[in-house]
Amino acid sequence: MSEAPLLEIEGLRASVAGKEILTGLSLTVRAGEVHAIMGPNGSGKSTLANTLMGNPRYAVTGGTARFRGEPLEGLAPDERARRGLFLAFQYPVAVPGVTVVNFLRQAVNAVRGEELPVREFRQNLFARMEQLRVDRDFARRYLNDGFSGGEKKRAEMLQLAMLQPRLAVLDETDSGLDIDALRTVADGVNALMNEEMGLLLITHYQRLLNYIRPRFVHVLMGGRIVRSGGPELAEELEASGYDAMEPAAPTA
Ligand SMILES: Nc1ncnc2c1ncn2[C@@H]1O[C@H](COP(=O)(O)OP(=O)(O)OP(=O)(O)O)[C@@H](O)[C@H]1O
Ligand SMILES: [Mg+2]
């Protein structure tokens, strides 16, 4: 008996501001798998993340995306989150006046659809902070307000740990991660990843993939996946660049 894949995307087309960006993208992610998506600037990586989260500015014009066997189309972003989809963004917004701890409590309650007793929440949070080696003072700061790149990543990893999604989509792109931030992401992901969970890691950094070993690497160009392979594909890209990537012959 086989369970439905976590994510099954077939021939997905999506437009933003009247322009088609995703042009027939197909991708399947199963539980326990880490997939990396690499691709040049403007190829549609963040558009894929936005479309998966149900951002209303991104219109699906063709194809399908199923999450745990159910079509995502028509589901509001919060409903997608409740079903276990987690998206972390390239440019997180600052939320002055909302502390990390309060933000996390709201997020956890929203995803669970019920109020978790404060004591239970705090115990869980402190255990996760210890696991991710985050200082306790951190929880009292305002979310992303004056956070360094590494601290933003730490807040994101804490959110991931508290929500325990089935599929996490991390859009890391060109957000200027230094080596510490890369390690924060890598250590966090490696501590949290399990056989039930899938991970879609959008990155420009071959280096990140030395710390988080993906099972599959995909090259996204012109709004679709043109090559898929193992970790060696990321090394090939590093050596020869995207120009050398021949688009795959179209399949019937
Ligand atoms: N909200 C938007 N409004 C207008 N155009 C958009 C919007 N979002 C994406 N686009 C356009 O879609 C194309 C793909 O952008 P996208 O952000 O998906 O690229 P990317 O692969 O994530 O690039 P990068 O590596 O620079 O992060 C670009 O031409 C971009 O200008
Ligand atoms: Mg992007």
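In listed order, ligands and their atoms are each counted from 1. Remember, predicted model here, so these are calculated numbers, not experimental data. Basis for what follows: all heavy atoms, side chains included, without hydrogens, waters or symmetry-related copies.
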#### Entry: ligand 1 versus Thr47: contacting region, heavy-atom distance under 4.0 Å
both
### Query
Counting heavy atoms only, which part of Asn41 comes closer than 4.0 Å to ligand 1: side chain, backbone, both or neither?
both
### Task
Would you check if the side chain of Asp78 reaches a backbone N or O of Ala110 as a donor-acceptor pair within less than 3.5 Å?
no
### Heavy-atom donor-acceptor pair, Arg80 side chain to Leu75 backbone, under 3.5 Å
yes
### Query
With a 4.0 Å cut-off, would you call Arg141 and Glu151 a salt bridge?
yes
### Message
Gly44 versus ligand 1: do any nitrogen or oxygen atoms come within less than 3.5 Å of each other?
### Response
yes
### Task
Say whether Val16, considering both its backbone and side-chain N or O atoms, lies within less than 3.5 Å of an N or O atom on ligand 1.
no
### Task
Please could you name the atoms of ligand 1 that Lys19 approaches to less than 4.0 Å, counting only its heavy atoms?
29 (O)
### Task
For the residue pair Thr47 and Asn50, confirm or rule out a side-chain donor-acceptor distance under 3.5 Å.
no
### Query
Under 3.5 Å, is there a donor-acceptor pair between the Arg140 and Thr99 side chains?
no
#### Entry: Heavy-atom side-chain proximity of Lys153 to Phe147 below 4.5 angstrom
no
### Query
Non-hydrogen atoms of Pro40 versus ligand 1: any pair closer than 4.0 Å?
yes
### Query
Would you say Thr47 reaches the Mg ion (ligand 2) with an N/O/S atom under 2.8 Å?
no
